[in-house]
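As a basis for the values below, the full set of heavy atoms in this structure was taken, side chains included, without hydrogen atoms, waters or symmetry mates. FYI, the numbering just counts along the sequence from 1.
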Amino acid sequence: MSKFVDQHYLKTDQYRDSSNLDSRVVLHQRFSVNPYGWFRWVFDTFMKLPEDAKILELGCGPAYLWKDNISRILPGWHITLSDFSSGMLDTAWRNLVVTGRTFQFKEIDAQSIPFEAETFDAVIANHMLYHVPDRPKAIAEIRRVLKPGGHLFTTTIGQNHLKEIASWIRQVNPESDFSSFGSSFNLENGFEQLKQFFPQVTRSHYPDSLHVTEVKPILAFILSTSHASEIPEENLTKLEAELERELKESGKILISKDSGLFEAIK
């Protein structure tokens with residue numbers, strides 16, 4: 001089984017806490033070209049929801065989405081944040097408890113959502129459906145707990161996302177399957193998967209790229225991935241030298257980004 005859908009590995013190792021994800025997010029926060037901001041762009045789509053909306057997020061991680069948009073949350077929204085990792089939920093709580101805003105936190109497996117049918121006006125599933133082993137079951141569960149006319153907002157990546165990093169990971173660890181990351185549910189194939197359950201599905205793309213001016217954050221990203229322990233130190237040292245040469249020659253290292261959002265309406 002691929003580590004990308006191995007629930008035991010994801011829960012006890014890769015996403016035991018937010019440290020690996022934090023290392024990857026830093027690269028985007030510091031070097032993304034689009035000034036609008038990914039989390040702001042995603043949150044824009046929620047503003048069509050009712051003033052008293054009941055909202056469930058699956059795979060909330062450290063709750064960056066809500067922390068970055070705390071002032072935009074409507075006072076009447078009832079928000080439940082969930083993750084299958086208790087460590088992630090703990091970080092989410094710590095990030096949000098200081099905001100003074102009330103959230104509910106619950107450990108949930110997206111394949112078995114413990115709520116009654118037609119409970120929520122919106123379900124959010126950001127960059128997580130490609131981790132679910134039985135994705136049709138999870139999507140069916142999402143549809144079940146949505147009210148008629150309810151919205152699923154789910155973000156994912158395209159097949160060219162971070163293709164340069166994928167190449168570098170293969171260079172330092174030829175056995176890595178990083179290039180398949182997200183391939184089970186991406187911008188190219190996610191539409192058809194959602195159309196099996198929702199009559200209305202739209203796709204939006206967020207234009208962006210990375211212009212990186214330091215090598216260390218790239219290496220930190222690589223070391224946060226699932227195959228970090230298998231990378232020979234000498235290979236990483238060689239890659240670091242190559243990237244330093246490229247940076248010196250070009251002034252920046254260009255990395256492709258390919259991300260977007262599906263909105264599905266029940």
Side-chain angles (χ1 to χ4, degrees), residues 1-26 28-29 38-39 42-43 45-46 53-70 73 77-99 101-116 119-146 150-157 181-182 184-185 190 224-226 259 261-262 264:
M1 175 187 292
S2 169
K3 287 185 175 181
F4 296 127
V5 294
D6 184 334
Q7 300 297 279
H8 177 74
Y9 163 77
L10 292 172
K11 189 171 184 176
T12 62
D13 192 308
Q14 178 63 210
Y15 297 127
R16 178 182 68 255
D17 56 35
S18 68
S19 57
N20 286 324
L21 186 58
D22 291 341
S23 295
R24 297 196 286 274
V25 168
V26 164
H28 296 280
Q29 289 176 332
W38 167 255
F39 291 119
V42 171
F43 200 91
T45 62
F46 306 161
K54 295 188 68 175
I55 301 169
L56 169 67
E57 182 172 14
L58 300 170
C60 70
Y64 298 133
L65 173 67
W66 304 96
K67 182 180 179 182
D68 284 10
N69 290 282
I70 198 70
I73 300 173
W77 283 359
H78 304 272
I79 304 166
T80 299
L81 302 184
S82 75
D83 204 286
F84 74 155
S85 164
S86 59
M88 282 292 195
L89 281 178
D90 180 67
T91 303
W93 178 83
R94 292 176 186 276
N95 280 338
L96 295 175
V97 69
V98 296
T99 67
R101 170 75 205 207
T102 300
F103 297 86
Q104 301 299 316
F105 298 88
K106 194 173 184 65
E107 191 171 334
I108 291 177
D109 178 352
Q111 298 165 119
S112 181
I113 302 174
F115 288 101
E116 298 291 330
T119 296
F120 296 99
D121 296 282
V123 172
I124 300 163
N126 288 331
H127 281 56
M128 58 79 66
L129 282 178
Y130 43 61
H131 284 308
V132 180
D134 192 339
R135 197 161 34 263
K137 185 176 181 181
I139 298 172
E141 276 288 274
I142 291 170
R143 186 183 188 282
R144 181 185 66 80
V145 301
L146 279 173
H151 297 251
L152 164 63
F153 303 101
T154 179
T155 64
T156 189
I157 60 176
F181 178 63
S184 60
F185 183 85
S224 76
T225 64
S226 58
S259 299
L261 179 145
F262 289 106

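- The OG1 atom of Thr80 sits 11.0 Å away from atom CD of Glu57, with the distance rounded to the nearest 0.5 Å.
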Exercise for review: Might you work through the side-chain contact (heavy atoms from CB on, under 4.5 Å) test for Phe103 and Ile73, ending with a clear yes or no?
Suggested key: CA-CA 11 Å; Phe103 297 86; Ile73 300 173; 3.7 Å; yes
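- Distance check: Thr156 OG1 to Met128 CE gives 11.0 Å after rounding to the nearest 0.5 Å.
- In terms of heavy-atom proximity, Arg144 sits nearest to Glu116 at NH1-C, 3.7 Å.
- Between Val132 and Arg135, the closest heavy-atom pair is O-NH1, 3.4 Å.
- For Trp66 and Phe39, the gap between ring centers reaches or exceeds 6.0 Å.
- Contact annotation: the side chain of Leu56 approaches that of Ile113 to within less than 4.5 Å [non-hydrogen atoms, C-beta and beyond].
- Evaluation of the side-chain hydrogen bond (donor to acceptor under 3.5 Å, both in side chains) rule for Arg101 yields no partner, not counting sequence neighbours.
- Considering every non-hydrogen atom in both Gln111 and Asp134, the closest pair reads OE1-N, 3.0 Å.
- Atom CD1 in Ile79 sits 9.5 Å away from atom CZ in Phe105 (nearest 0.5 Å).
- With a 4.5 Å cut-off on side-chain heavy atoms, Val42 and Phe153 do not count as touching.
- Between Thr155 and Ser259 there is no side-chain heavy-atom pair separated by less than 4.5 Å.
- Interatomic distance, OG1 of Thr119 versus NE2 of His78, reported as 13.0 Å (0.5 Å rounding).
- Counting heavy atoms from C-beta outward, Leu65 and Phe46 have side chains that approach closer than 4.5 Å.
- The minimum heavy-atom distance between Pro62 and Thr91, with the atom names listed, is CB-CG2, 3.9 Å.
- Counting heavy atoms from C-beta on, the side chains of Ile124 and Cys60 never come closer than 4.5 Å.
- Ile139 contributes atom CD1, which lies 12.0 Å from atom CD of Glu141 (distance to the nearest 0.5 angstrom).
- Nearest heavy atom pair, residue Gly61 against residue Asp83, reads N-OD2, 2.9 Å.
- Side-chain contact between His28 and Trp38 is absent, with no heavy atoms from C-beta onward closer than 4.5 Å.
- Note that CG of Leu58 is 8.0 Å distant from CG of Leu129, once rounded to the nearest 0.5 Å.
- Taking both residues in full, the closest heavy atoms of Ala63 and Leu96 are given as CB-CD1, 3.6 Å, listed atom of the first, atom of the second, then distance.
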Review point. So Phe115 and Lys106, side-chain contact (heavy atoms from CB on, under 4.5 Å) or not? Walk me through it.
Key: CA-CA 11 Å; Phe115 288 101; Lys106 194 173 184 65; 3.9 Å; yes
